[in-house]
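Everything on this sheet refers to the single structure shown next.
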Amino acid sequence: MMIIGCDFHPSWQQVSWLDTETGETGEQKLVQASGDAERFYRQVAAPALIGMEATGNCHWLVDLLSELGHELWVGDAAQIRASYVRQQKTDKRDAAHILKLLVEGRFPRIWMPSSEVRDLRQLLLHRYKLVIIRARVKNELQHLCLNKGVQRKHKLWSAAGQQILRELPLQPWAGRRRDDLLKLMAMLDQQIEPLDQAVKAEAQRDKMALLLQTQPGVGAITALAYVLTLGDVSRFPRGKQVASYLGLIPREHSSGGRQKLGAITKQGNRMLRMLLVEAAQAAVRYDPQFHKEYLHRCHKKPKAVAKVAAARKLAVRLYWMLRTQRPYPEIVRIESSPRVPLVGAS
């Protein structure tokens, strides 16, 4: 069996291999554009074990190795680097180090989504990017109105508000900017609408997403994004690890018995974190327990801090809903009862 350590780069990759049957070792630089990588992996007898750090722009390699019958392990880049004590860092050393971790059974493997999950993530990501662009366009139109002394806030997007926007007396180039922005917003609305329908249809087909939608404030988009991002929830032993995975816990730099906390780490999925904050604000209005805790925090903390705290609580609750397969409001009773074994119910 071949074991291969791969140091992946967008233009090339450095590999180091070991044949466990013959003890033969070797290393090679594979250039992507010339087809070296594909030829190399096609020549390797399947199944081979291949390890590399978590990185972007590598989906083509993941699909290729799956097609050829090889087993790919993706490792935590930070843990791989932390286990390397030498100060000299080169591509050859990195590939050899990954191979060493694989052979010694110390490779910090992480969960990888399937190709279907990755494709559904692209649907959510594409919609998210278009919504961000539309929000920027709306902000620009708001500025045009404010510079003319008109402040309508969200009412600017009603029929009456749109009429006021179009009738604003503007200079020629300001008017051109308004017209172009209105056309761009209309085009974005047309593109986002079918994506919204597609997300809702996928959420209706996913049992886990339907379960999460029983929680007040959680819609189809947030539920589907949560399910696709977390994947198999059993890989998280506790809800605190979910909050850490999503970047909703504070930074900490404590020493000498003195605790010092900062802003949240923001290490997780940015899109899901934004969706959870928005869903938490809706949950505060419709969920009595969320509303009570939110008001209590607002007495001591800024509203922004209270919103993030509500998002963290929502993320943990959704985790336990998936872990125990209990819908709302039954999950609230389980949360408030220390006698109910949460982990045992999974």
Side-chain angles (χ1 to χ4, degrees), residues 1-10 12-17 30 32 37-38 40-42 44 46-84 94-95 97-126 128 202 205-209 223-238 241-247 265 267-273 275 315 318-319 322-323 346:
M1 179 181 179
M2 290 284 289
I3 303 178
I4 303 173
C6 173
D7 183 36
F8 182 87
H9 298 270
W12 75 89
Q13 53 183 284
Q14 181 72 35
V15 294
S16 180
W17 68 83
L30 308 175
Q32 325 285 26
E38 183 173 356
F40 172 80
Y41 291 115
R42 288 188 180 278
V44 174
L49 176 60
I50 302 162
M52 71 176 191
E53 295 180 351
T55 182
N57 305 317
C58 64
H59 288 173
W60 67 270
L61 179 60
V62 176
D63 295 336
L64 173 65
L65 296 179
S66 176
E67 176 189 347
L68 297 176
H70 299 311
E71 184 177 3
L72 175 65
W73 286 12
V74 179
D76 188 314
Q79 293 187 33
I80 292 176
R81 182 56 187 162
S83 63
Y84 192 52
D94 289 345
H97 181 61
I98 293 174
L99 175 62
K100 180 181 179 182
L101 294 177
L102 289 170
V103 173
E104 296 178 354
R106 297 188 295 118
F107 187 77
R109 187 182 183 185
I110 62 176
W111 173 79
M112 278 290 291
S114 63
S115 60
E116 293 80 8
V117 171
R118 294 202 307 269
D119 191 49
L120 286 176
R121 285 182 176 184
Q122 291 299 313
L123 167 64
L124 290 168
L125 182 62
H126 182 46
Y128 168 71
E202 292 293 340
R205 288 192 287 266
D206 194 299
K207 295 181 180 180
M208 296 297 186
L224 185 62
Y226 192 91
V227 171
L228 295 179
T229 301
L230 260 66
D232 184 9
V233 295
S234 62
R235 62 195 181 102
F236 299 100
R238 293 179 295 277
Q241 292 187 345
V242 174
S244 176
Y245 182 76
L246 298 176
T265 61
Q267 288 184 318
N269 188 296
R270 181 181 180 182
M271 177 186 67
L272 180 57
R273 191 164 53 249
L275 291 173
L318 295 181
Y319 160 75
L322 294 178
R323 187 73 183 268
S346 60

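In this text, all values refer to a predicted model and were calculated from it rather than measured experimentally. FYI, the numbering just counts along the sequence from 1.
Atoms CZ and CG, from R205 and L224 in turn, are 10.0 Å apart once rounded to the nearest 0.5 Å. Within the model, atoms OH of Y128 and CZ of R121 stand 15.0 Å from one another, a figure rounded to the nearest 0.5 Å. Note: M271 CE to T229 OG1 = 5.5 Å, rounded to the nearest 0.5 Å. Taking CD of E202 as the reference point, atom CG of L120 lies at 5.0 Å (rounded to 0.5 Å). K207 NZ to L322 CG: the interatomic distance, rounded to the nearest 0.5 Å, is 14.0 Å. Rounded to the nearest 0.5 Å, atoms NE2 (H97) and OG (S16) are 12.0 Å apart.
Ring-plane geometry between F236 and Y319 is classed as perpendicular, the angle between the planes exceeding 60 degrees on a 0 to 90 degree scale with a lower cut at 30.
Taking both residues in full, the closest heavy atoms of T55 and F8 are given as CG2-CD2, 3.7 Å, listed atom of the first, atom of the second, then distance. The heavy-atom pair separating A315 from V242 by the smallest distance is O-CG1, 4.3 Å. I98 approaches G51 most closely through the heavy-atom pair CG2-O, 3.4 Å. Looking at every heavy atom in both residues, L101 comes nearest to P108 through CD1-CD, 4.3 Å. For the pair L72 and R109, the tightest heavy-atom approach, listed with the atom from each and the gap, is O-NH2, 4.3 Å. Taking each heavy atom of R42 and L68 in turn, the nearest pair found is NH1-CD2, 3.4 Å.
Residues D63 and R118 are in side-chain contact: their nearest non-hydrogen atoms beyond the backbone lie under 4.5 Å apart. Proximity of C6 to Q13: side-chain heavy atoms (C-beta onward) are separated by under 4.5 Å at one or more points.
More than 12 non-hydrogen atoms from other residues, nucleotides or ligands lie less than 6.0 angstrom from CG of D232. The number of heavy atoms from other shown groups lying within 6.0 Å of CZ (R270) does not exceed 12.
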**Stepwise side chain to side chain contact (heavy atoms under 4.5 Å, CB included) test for L246 and R273** = CA-CA 7 Å; L246 298 176; R273 191 164 53 249; 5.7 Å; no
**I4 vs F40, side chain to side chain contact (heavy atoms under 4.5 Å, CB included): CA-CA, chis, key distance, verdict** = CA-CA 11 Å; I4 303 173; F40 172 80; 3.9 Å; yes
**side chain to side chain contact (heavy atoms under 4.5 Å, CB included) between L61 and M52, intermediate numbers included** = CA-CA 11 Å; L61 179 60; M52 71 176 191; 4.0 Å; yes
**Test log, rule side chain to side chain contact (heavy atoms under 4.5 Å, CB included), inputs F107 and I80** = CA-CA 8 Å; F107 187 77; I80 292 176; 3.9 Å; yes
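Counting only N and O atoms by type, the side chains of Q14 and W12 include no donor and acceptor under 3.5 Å apart.
For Y226 (side chain) and L272 (main-chain N/O), no donor-acceptor pair under 3.5 Å exists by modelled atom type. A donor-acceptor pair is defined here as one N or O able to donate and one able to accept, closer than 3.5 Å; no such pair exists between the side chain of R323 and the backbone of V233. Put simply, the side chain of R106 never gets that close to the backbone of K100: no donor and acceptor are under 3.5 Å apart. Without hydrogens or angle criteria, H70 side chain to I50 main chain gives no donor-acceptor distance under 3.5 Å.
Residues meeting the side chain to side chain contact (heavy atoms under 4.5 Å, CB included) test with S66, sequence neighbours left out: none.
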